[in-house]
Amino acid sequence: MIDKPVLLVIAHGSRDPRHAATVHALVRRVRAQRPDVRVETGFLEFNVPSAQGVLESLAVQGVRDVVALPLLLTRAFHAKADIPAVLADAPPQLRIHQAEVLGPSPLLVGALERRLYEAGLTPADKSSTGVVLASAGSTDPEAIAVIAAIAREWRHTGWCAVRPAFASAGSPAGFPRTEDAVRELRASGCSRVAVAPYVLAPGFLPDRIARGAAQADVLAGVLGSAPEVARVVLERYEAARVPLLAAVSA
C-alpha cells in the first residue's frame, strides 16, 4: 500500500503573532477533517518552522512524497517565485508536487459570506448591501484579474453591488483603497456597506483594511480557519497528489 503524501502547508509568515496563530488554527481544522493525512506547516519568513527546515526534517525521517500547498489566495509572486525556489532547494530524495493556490473557489466565496453573516448581516440584507471585496493587493496581472472576476461573479448572487479594493495603495488595475470603495458604494445608493476582507490571517495589511472600513456599517473577519477554507486546502491536496501517485505507480 502506498502511503499518502505528506501535506506541507506553506504560509508566508508575519511579525504579527496573530498570523501564525490563525495558520495553525486552520491546519488543526484540516487535520481534524482528514486524520489519515499527515499535515505539516512551514513559513517562508518571520515564523518557525521554515518551509525549508520542514522539508529537510521530512527527508531525514524517510518521507518520500510531499504535496506542498501555498497558503495563498492568488497566484502572485510568492506562488510563482518564492515557493518554487524553496522547493527547488529541497532534499533530492523528496518527490514534491506544488499544489495550486486556494483561490478562486466557490467555497471561499461561501467563507466570505459566512464571515459577513457572523458580523451581523443576514441573507435578507443582500439586495440593499454593497460589499467591498478588500484584498491585500498585488501588481501581478493574473492575481488582479482573479480578484476582479470574483467581485463580478459575487455581485450576481444578489448583493446590491460588489466593489474590489486593495489595502496597498495603487495598482495597475486602478482598484481603489478600501475607504474609497466604501465611499463609492455609499454614493451609488446602497443603503448599507459591508467590508469583506479577502485575506487569510490578521496582519499589517488586514489592519489597514480594517482602518479603511471605519465608515462602513459592517466589517467581517478574515477568512482564517473557516471550514470552507479547510475544505479548499484538502481539495487542492487531493488534486495535487494524483501526479505523485501516478509517478510512484509507474
Side-chain angles (χ1 to χ4, degrees), residues 3-15 19-20 22-24 26-27 30 37-105 107-108 135-147 149-150 166 168 171-173 198-201 203-205 223 229-230 232-248 250:
D3 290 336
K4 292 182 177 65
V6 171
L7 169 55
L8 172 58
V9 175
I10 302 180
H12 181 269
S14 171
R15 292 186 178 90
H19 176 92
T22 302
V23 170
H24 290 310
L26 173 60
V27 169
V30 172
V37 175
R38 178 177 176 183
V39 186
E40 299 291 343
T41 309
F43 296 89
L44 290 177
E45 56 183 342
F46 301 124
N47 301 108
V48 293
S50 69
Q52 183 66 39
V54 174
L55 290 167
E56 291 171 358
S57 177
L58 291 174
V60 169
Q61 295 169 39
V63 170
R64 291 296 307 280
D65 298 313
V66 177
V67 168
L69 186 143
L71 198 64
L72 303 167
L73 294 172
T74 58
R75 285 191 74 249
F77 183 79
H78 296 306
K80 294 178 178 178
D82 287 345
I83 290 176
V86 169
L87 302 183
D89 287 338
Q93 62 266 44
L94 293 175
R95 285 187 294 251
I96 304 174
H97 192 80
Q98 181 174 330
E100 292 295 330
V101 297
L102 301 183
S105 168
L107 286 169
L108 294 179
S135 64
S138 176
T139 58
D140 185 281
E142 181 181 356
I144 292 168
V146 166
I147 298 299
I150 292 170
F166 277 173
S168 53
S171 80
Y198 190 60
V199 293
L200 285 167
F204 176 75
L205 289 176
L223 295 174
V229 180
V232 178
V233 169
L234 290 170
E235 282 187 358
R236 299 295 184 254
Y237 168 77
E238 288 297 332
R241 80 186 186 104
V242 172
L244 278 174
L245 291 174
V248 172

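Any value given below was found using the heavy atoms of this structure, including those in side chains, with hydrogens, waters and symmetry copies removed. Starting from 1, each residue takes its place in the sequence as its number. In this text, all values refer to a predicted model and were calculated from it rather than measured experimentally.
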How would you list, by chain and number, every residue that makes a side-chain contact (heavy atoms from CB on, under 4.5 Å) with [X], sequence neighbours excluded?
X: Glu45; value: His12
X: Ala201; value: His19, Thr22
X: Ala59; value: Pro91, Gln93, Leu94
X: Ala20; value: His24, Phe43, Asn47

So, for [X] and [Y], which heavy atoms are closest and what is the spacing to 0.1 Å?
X: Glu100; Y: Pro70; answer: O-CD, 4.1 Å
X: Ile144; Y: Ser138; answer: CD1-O, 3.4 Å
X: Gln98; Y: Leu87; answer: OE1-CD1, 3.6 Å
X: Leu8; Y: Ala51; answer: CD2-O, 4.3 Å
X: Val54; Y: Thr41; answer: CG2-O, 3.5 Å
X: Leu108; Y: Gly103; answer: CD1-CA, 3.7 Å

Check whether any side-chain heavy atom of [X] sits under 4.5 Å from a side-chain heavy atom of [Y], and report yes or no.
X: Asp65; Y: Val6; result: no
X: Leu73; Y: Leu200; result: yes
X: Val101; Y: Thr74; result: no
X: Leu69; Y: Val233; result: yes
X: Arg75; Y: Lys80; result: yes

Ring pair (Phe, Tyr, Trp, His ring centres under 6.0 Å) contacts in which one or both residues fall within residues 57-77, not counting sequence neighbours
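Found none.
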As a quick check of understanding, evaluate side chain to side chain contact (heavy atoms under 4.5 Å, CB included) for Val199 and Leu205, giving each step before the final call.
CA-CA 9 Å; Val199 293; Leu205 289 176; over 6 Å; no
Begin from the C-alpha positions of Val30 and Leu234 and carry the test side chain to side chain contact (heavy atoms under 4.5 Å, CB included) through to its verdict.
CA-CA 7 Å; Val30 172; Leu234 290 170; 3.7 Å; yes
Set of residues satisfying salt bridge (charged side-chain N to carboxylate O under 4.0 Å, His left out) with respect to [X], sequence neighbours excluded:
X: Glu235; value: none
X: Arg15; value: none
X: Glu56; value: none

Indicate yes or no: does Arg64 engage Asp3 in a salt bridge with an N to O separation below 4.0 Å.
no
Apply side chain to side chain contact (heavy atoms under 4.5 Å, CB included) to the pair Arg241 and His97, showing each step before the final yes or no.
CA-CA 7 Å; Arg241 80 186 186 104; His97 192 80; over 6 Å; no
Value rounded to 0.5 Å, distance of [atom1] in [X] from [atom2] in [Y]:
X: Leu223; Y: Leu26; atom1: CG; atom2: CG; value: 10.0 Å
X: Ser105; Y: Ile150; atom1: OG; atom2: CD1; value: 9.0 Å
X: Phe204; Y: Ser14; atom1: CZ; atom2: OG; value: 10.5 Å

Give a yes or no answer on whether the side chain of Tyr237 reaches the backbone of Pro5 with a donor-acceptor pair at less than 3.5 Å.
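It does hold such a pair.
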Partner residues of Arg38 under the side chain to side chain donor-acceptor pair (under 3.5 Å) criterion, sequence neighbours left out
Glu40, Gln61
Going by the rule side chain to side chain donor-acceptor pair (under 3.5 Å), which residues pair with Arg236 if we only count those two or more places apart in sequence or in a different chain?
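So Arg236 forms no side chain to side chain donor-acceptor pair (under 3.5 Å) with any residue.
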Test Leu72 against Ile83 for side chain to side chain contact (heavy atoms under 4.5 Å, CB included), laying out the working first.
CA-CA 11 Å; Leu72 303 167; Ile83 290 176; 4.1 Å; yes
